[in-house]
There are 2 protein chains.
Amino acid sequence: MNTLAYGLLGLVARTPSSGYDLMLQLQPYWQAKHSQIYPLLAKLEQEGYMQFTRVHQTDRPDKKVYSITEKGEIALKLWLAEPTAEPVIRDELVLKAYCLQLTDEKAARAMFTERIEHCREQAESFMHIMQEMEQQTDGKHPDHPDHSAFSDYILLTWGYRRMQEDMKWCEWVLGLLEKGKADTE
Amino acid sequence: MNTLAYGLLGLVARTPSSGYDLMLQLQPYWQAKHSQIYPLLAKLEQEGYMQFTRVHQTDRPDKKVYSITEKGEIALKLWLAEPTAEPVIRDELVLKAYCLQLTDEKAARAMFTERIEHCREQAESFMHIMQEMEQQTDGKHPDHPDHSAFSDYILLTWGYRRMQEDMKWCEWVLGLLEKGKADTE
DNA sequence: TAGTGCATGTAAGCAGTTACATGATTGA
DNA sequence: TCAATCATGTAACTGCTTACATGCACTA
């Protein structure tokens, strides 16, 4: 049982889903390819944490819809009470930023503007899902812990904020680069 | 040549260092254990990207001090101009936050307060290094791209801001949990 | 004398990515 | 007709972690 396994358990505990769907749902919060997810789901099913039913579809390929078992729910609750691992961040841009003096201003600026663009898109995507959610939940704001969409809401906020913060840092660096260039002229 | 390899190249390009020292320098920005770094350094040396000199020490074990070669510098500059990979974040807390409804308020609060404590410590550590740096650089603020400590300064700022932002999100969630509890009473 | 820091390395295993493989439907 | 989306899987490989292994100097 690794972190990804618990993540999948957490998703199916809320809504029974296919492997393909789990992959898409998990994407913004834990990057995992289908080649990692499918064998793990099979293992979780064999060990009794999940069960699946084959669902026939006419317009699309058939799918396996996984749902949590009692054993799975117990394991999930135990995991929640365990100490949480520290986050791991691996950002190539940070390593490149350390070598900024080795490159020209043009390449330096490109690095940060590309990242800003990426963050802007991601932030927009998070915001879009949040707006959809607010409309679906009959106007009730999901900021209450008892609201069914509460956890979705705090996760989306997490994603949105992270993107905003990353953008701000890049813009701050770009500002310093511009200021530095102006000084030497 | 993977990202970690370029990260190590970037560090030795600035200051020739031992494997042990590189591990410590890299720690806040790219988590890598010594068992991954030592074989990689050996490979980079064999392939001509780095060279090392054995430095004898009396009070401590001898060390291998690695420095960059011409080939290494060329490779490093090419890497800087290549498109940058998107960051990877794997945070167990986010996956746990999704399952918040499955646990009690006490465990939920513990999750976020522990993270806040961790971030506070990390932020303090980043801030401490920044303050030391400002004193060493004879009062000159390292916010200019030509300053020798400019890249260190922007990386430290990155780390500090990330910790601040993570803390704020946790505090925001804790606030919502408190508010929700008060409402149901 | 037990633990921490400095210093380097290997081996085994788990986690994650890339590539290979198949096949239907829908839209451009 | 070509690409994309849905849907599931395996194989090979790279990246990363944990554990094993050694050894000296300093400090509590």
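Because the structure is predicted, anything quoted here is derived from the model rather than measured. All chains are named by letter (A, B, ...) in the order of the sequence lines, taking the proteins before the strands, and each is independently numbered beginning at 1.
Nucleotide D/dA7 holds its P atom 7 Å from the CG atom of A/Asp21, rounded to whole Å. B/Met23 has its CE atom 9 Å from the P atom of C/dT8, to the nearest Å. With rounding to whole Å, A/Lys63 atom NZ is found 18 Å from D/dG9 atom C1'. Rounding to whole angstrom units, CZ of residue B/Phe52 and C1' of C/dT8 are separated by 11 Å. As rounded to whole Å, 15 Å separates atom C1' of C/dT10 from atom CG of B/Leu41. Distance B/Leu40 CG to C/dT8 C1': 15 Å, rounded to the nearest Å. Atom CZ in B/Arg60 sits about 8 Å away from atom C1' in C/dG5, given to the nearest Å. B/Glu92 has its CD atom 12 Å from the P atom of C/dA15, to the nearest Å.
Of the candidates C/dT8, D/dA7, C/dT26, C/dT26 carries the atom nearest the A/Asp59 side chain, counting heavy atoms from C-beta on. Of the candidates D/dG9, C/dC6, C/dG9, the closest approach to any side-chain atom of B/Tyr20 belongs to C/dC6. Among the nucleotides D/dT8, C/dG5, D/dT17, the one closest to any side-chain atom of A/His34 is D/dT8.
Taking 4.0 Å as the cut-off between side-chain N and carboxylate O, A/Asp62 and A/Arg54 do not count as a salt-bridged pair.
Contact annotation: A/Gln57 side-chain N/O to D/dC6 OP1/OP2 distance is not under 4.0 Å. In terms of phosphate contacts, B/Gln36 brings no side-chain nitrogen or oxygen within less than 4.0 Å of OP1 or OP2 of D/dG15.
At a threshold of 4.0 angstrom between heavy atoms, the contacts of B/Lys33 include nucleobase atoms, whether or not backbone atoms are also involved. Using a 4.0 Å heavy-atom distance criterion, A/Asp62 is classed as a sugar-phosphate-only contact. The residue B/Asn2 sits close only to the backbone: its heavy atoms come under 4.0 Å of sugar-phosphate atoms, none of a base. If you check every strand for non-hydrogen atoms under 4.0 Å, B/Ser35 touches a base. Looking at heavy-atom distances under 4.0 Å, A/Arg90 makes contact with sugar-phosphate atoms alone, never a base.
Residues A/Met133 and A/Asp152 have side chains in contact (heavy-atom distance under 4.5 Å, counting atoms from C-beta outward).
For the residue pair A/Lys77/B/Thr103, the side-chain donor-acceptor check at 3.5 Å is not satisfied.
Note on A/Tyr160 and A/Tyr153: same hydrophobic cluster, where clusters join Ile, Leu, Val, Met, Phe, Trp and Tyr whose side-chain heavy atoms are under 4.5 Å apart, directly or indirectly.
Sequence order on DNA chain D of the closest nucleotides to A/Lys64 and B/Gln31 puts A/Lys64 first from the 5' end. Projected onto DNA chain C by closest heavy-atom contact, A/Trp30 and A/Thr58 fall at different nucleotides, the more 5' of which corresponds to A/Trp30.
A/Gln36 contributes no side-chain N or O that, together with a main-chain N or O of A/Ala32, makes up a donor-acceptor pair within less than 3.5 Å.
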